[in-house]
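Each residue takes its place number in the sequence, starting with 1.
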Amino acid sequence: MLFLSKKCCKFILNNYTKMKRKLVLLLSLVVSSLLFSQNTLEINSANHVKLNGVRLTVDQVRNTLSSNPEILKSYNKGATLNTVGTTCLGLGIGLILGNGIANINNANNGKDTDGRPGIFILGGVLAVTGTVMKITGNGKRKKSLKQYNETQTTQKEVSLINNSHGLGIAFRF
């Protein structure tokens with residue numbers, strides 16, 4: 001704790017207008033240092049997670065989340081959904097491109113083809129479904145990381161103390 005004498009407090013109160021900027025600066029520095037002293041995960045994207053400025057691998061993220069099984073389960077569901085979405089998106093794009101190349105090849109060889117619209121439609125449905133699944137999966141992963149950060153916040157308290165020793169500011173972490 002920081003204690004100030006009565007003489008110092010009178011000096012501060014008498015010269016408050018002169019010291020106003022310095023007090024605001026000091027308090028803003030103290031509050032910002034309290035805010036940035038948390039041990040939280042920084043989320044750049046669902047695949048780029050940092051802890052204290054160091055990028056974590058997926059296994060390191062899972063080890064970090066293992067302290068809370070519900071959050072880990074949610075993170076894993078999002079990762080699985082993202083993987084399935086990537087697979088569906090790739091298959092859909094592959095079907096569309098493969099069918100398009102086959103139709104161009106048949107047309108160049110003089111074969112009459114109807115274009116097989118069913119494969120185009122199936123490829124389009126798979127690509128759209130895969131995109132939605134990827135977005136949903138990444139959203140679940142980010143949400144689980146944010147939930148983890150919320151559980152990691154600590155109670156921080158700043159209070160003003162006035163007693164027989166003088167005026168002081170107390171910081172509790």
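- With hydrophobic clusters built from ILVMFWY side chains whose heavy atoms lie under 4.5 angstrom apart, Leu145 shares a cluster with Val58.
- A side-chain hydrogen bond (donor to acceptor under 3.5 Å, both in side chains) with Lys134 is found for one member of Thr83, Thr87, Thr86 and no other, namely Thr86.
- Leu126 pairs in a side chain to side chain contact (heavy atoms under 4.5 Å, CB included) with only one of the listed residues (Ile96, Ile121, Leu95), which is Leu95.
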| Stepwise, does the side chain to side chain contact (heavy atoms under 4.5 Å, CB included) test hold for Ile71 with Thr151? | CA-CA 10 Å; Ile71 292 176; Thr151 63; 4.3 Å; yes

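- Atoms CD1 and CG, on Ile101 and Asn106 in that order, are 12.0 Å from each other to the nearest 0.5 Å.
- Distance NZ/Lys146 to CD/Glu150: 9.0 Å, rounded to 0.5 Å.
- Rounding to the nearest 0.5 angstrom, the gap separating the CZ atom in Arg141 from the CG atom in Leu81 is 10.5 Å.
- Here the CG-CD1 distance, from Asn108 to Ile104, works out to 7.5 Å after rounding to the nearest 0.5 Å.
- Remark: the backbone N or O of Glu70 is not paired with any side-chain donor or acceptor of Ser74 at under 3.5 angstrom.
- Note that NZ of Lys143 is 12.0 Å distant from OG1 of Thr136, once rounded to the nearest 0.5 Å.
- You'll find the side chain of Thr64 stays beyond 4.5 Å of the side chain of Tyr75, heavy atoms only.
- The nearest pair of heavy atoms linking Asn63 to Ser66 is O-OG, 2.6 Å.
- The shortest non-hydrogen separation linking Asn76 to Arg62 is OD1-NE, 2.7 Å.
- To the nearest 0.5 Å, the span separating CD on Gln60 from CZ on Arg55 amounts to 10.5 Å.
- Linking ILVMFWY side-chain heavy atoms closer than 4.5 Å, directly or via other members, places Leu91 and Val132 in two distinct hydrophobic clusters.
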